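What follows is a set of notes on a single structure, which appears directly below.
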Amino acid sequence: MAILRGCSGVKVTIVSNGQALNEYPDEDMAFNNADYSVPLYRRSMAYIECTSDTEFGIKWEITPEYKPDVPHTHLRFRVFLDGKGIGGDKIRTSPSISSSATMSDTCDRINDHEVILRKLIFKTIKKVDDMDSARVKADAKLADGLGEILVVVHRCNKIASVQNSHRHNPAPRTQTTTEIAEKALKGRAISHGVGFGPDTRVHRPQHASVAKVALIDGVERPLCIFRFKYRSREALQQELIIPRSPSPDLVMGPLNPRNENNANASLSKEERLAQLKREIAEIKSEVKDEEGGQVPRKRERAASGSQANGRANKASRHSRTKPIECIDLTED
């Protein structure tokens, strides 16, 4: 987890199955968002590994380590999934008490007493080989922000309590996309999008009043941002974020498999080491015997005479002929 300068004590993590997901540094610290201007030292960028059809949540926390240079009463956390805002929360700051909250579902009010909750889930995206220009252009816009969780943090002050006028018009919640043209991804190894679980009706009376806050630095200048690019393990390996799985280690067999039997299992380490040394000595002896017959030939060639100019004479090739037979012609 990154510790941001000027934001110590402000933490955001992605959790699943009760555990914070491992974070891998994102070397690309670029933040191309026209809505916000954030200095580099207040950006936390990381990759996380996700698993298909797994529920997750976004947890934010403020600890007493947070020492603001400008006094304020709250921090506002706003969440964007795949480029779309889904709400957030305001947490009161305190010099001595830690505060935290986790968003693991969307919440839409349907009346004064009930809300509909939908769990956040990592969903697989199918990549299709569609070269249609209109499809690629539309999917390219859809891919902007896809595979990312963005949390924007603002400093704010409570200025009043106002009557809750929340309208009862829940928006439909559907997965960002189920498939996308591969060409629209422009080489990015995006594997998942955010989906939502089934509707769950929960009794939750609406508060009569809510806190009204004012942002200290304005909307366009947040205190800090946290961005998480979620990918499958294969996609992280493809982007070289984590190393690929190593090949199984090669297991060497015995030097002399003919002598291997069940009795070897009962030998001690010293006895097995002595046996290996004997086998190595036997192999060296066999190799030496095979090479021994070739040495005289080399010496014979080396002992051949040399010419007057000092260069060695080449061995002449003699044709094999029968011995000359002498005939006595004096007789008769």
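In this text the structure is predicted, and so the values were computed from the model without any measurement. Values reported hereafter were calculated over all heavy atoms of this structure, with side chains retained and with hydrogens, waters and symmetry mates removed.
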Would you check if the side chain of [X] reaches a backbone N or O of [Y] as a donor-acceptor pair within less than 3.5 Å?
X	Y	value
Asn157	Thr73	yes
His203	His113	yes
Arg109	Arg204	yes

For this session: Please list all pairs passing the side chain to side chain donor-acceptor pair (under 3.5 Å) test where one or both residues lie in residues 47-67, with sequence neighbours left out.
Result: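 Listed by first then second residue: Tyr47-Glu239, Glu49-Arg233, Ser52-Thr124, Ser52-His192, Asp53-Lys123, Tyr66-His72.
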
Under a 4.5 Å side-chain heavy-atom rule over Ile, Leu, Val, Met, Phe, Trp and Tyr, are [X] and [Y] clustered together?
X	Y	answer
Leu21	Ile121	no
Ile91	Ile14	yes
Leu40	Val38	yes
Tyr36	Ile216	no
Val79	Phe196	yes

For this session: Would you please name every residue forming a side chain to side chain donor-acceptor pair (under 3.5 Å) with Asp130, sequence neighbours left out?
Result: Arg135

Determine whether more than 12 heavy atoms belonging to other residues, nucleotides or ligands lie under 6.0 Å from atom [atom1] of [X].
X	atom1	value
Asp132	CG	yes
Ile97	CD1	no
Asn17	CG	no

For this session: Evaluate the side-chain contact (heavy atoms from CB on, under 4.5 Å) criterion for residues Val12 and Ser44: first the C-alpha distance (whole Å), next the side-chain angles of each, then the deciding distance (0.1 Å), finally the verdict.
Result: CA-CA 9 Å; Val12 177; Ser44 175; over 6 Å; no

Rounded to the nearest 0.5 Å, what separates atom [atom1] in [X] from atom [atom2] in [Y]?
X	Y	atom1	atom2	answer
Lys183	Lys137	NZ	NZ	13.0 Å
Phe226	Phe77	CZ	CZ	7.5 Å
Ile58	Ile86	CD1	CD1	5.5 Å
Arg188	Glu182	CZ	CD	12.5 Å
Asp144	Asp82	CG	CG	10.5 Å
Thr93	Ile62	OG1	CD1	6.5 Å

Pairwise side-chain contact, [X] with [Y], heavy-atom cut-off 4.5 Å (strictly under):
X	Y	result
Ile125	Leu146	yes
Cys7	Cys224	yes
Glu23	Thr13	yes
Leu223	Leu75	yes
Pro222	Val153	no
Phe31	Met45	yes
Cys156	His74	yes
Ile190	Arg231	yes

For this session: Show your working on side-chain contact (heavy atoms from CB on, under 4.5 Å) between Val115 and Ile110 and close with a plain yes or no.
Result: CA-CA 5 Å; Val115 296; Ile110 55 177; 6.0 Å; no

Problem set entry | NZ/NE/NH1/NH2 to OD/OE distance under 4.0 Å, Asp199 and Lys119 |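 Looking at Asp199 and Lys119, the cut-off is not met.
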
Do you know which two heavy atoms are closest between [X] and [Y], and how far apart they sit?
X	Y	answer
Ala181	Val136	CB-CG2, 4.3 Å
Leu120	Met103	CD1-O, 3.9 Å
Ile48	Asn22	CG2-O, 3.5 Å
Ala20	Val15	CA-CG1, 4.0 Å
Arg92	Ser99	O-OG, 3.9 Å
Leu185	Lys127	CD1-CE, 3.8 Å

For this session: Let me see the working for Glu148 and Arg227 under side-chain contact (heavy atoms from CB on, under 4.5 Å), right down to the final yes or no.
Result: CA-CA 7 Å; Glu148 293 183 4; Arg227 186 183 68 189; 3.7 Å; yes

Exercise. Hey, mind stepping through Leu215 and Arg76 against side-chain contact (heavy atoms from CB on, under 4.5 Å) and telling me if it holds?
Worked result: CA-CA 9 Å; Leu215 303 182; Arg76 188 185 77 168; 4.0 Å; yes

Problem set entry | Steps toward salt bridge (charged side-chain N to carboxylate O under 4.0 Å, His left out) verdict (Asp69, Arg155) | CA-CA 11 Å; Asp69 53 355; Arg155 301 185 294 183; 2.9 Å; yes

Seminar exercise, completed: Test side chain to side chain donor-acceptor pair (under 3.5 Å), reference Arg118, set Asp108, Thr200, Asp105, output is Asp108

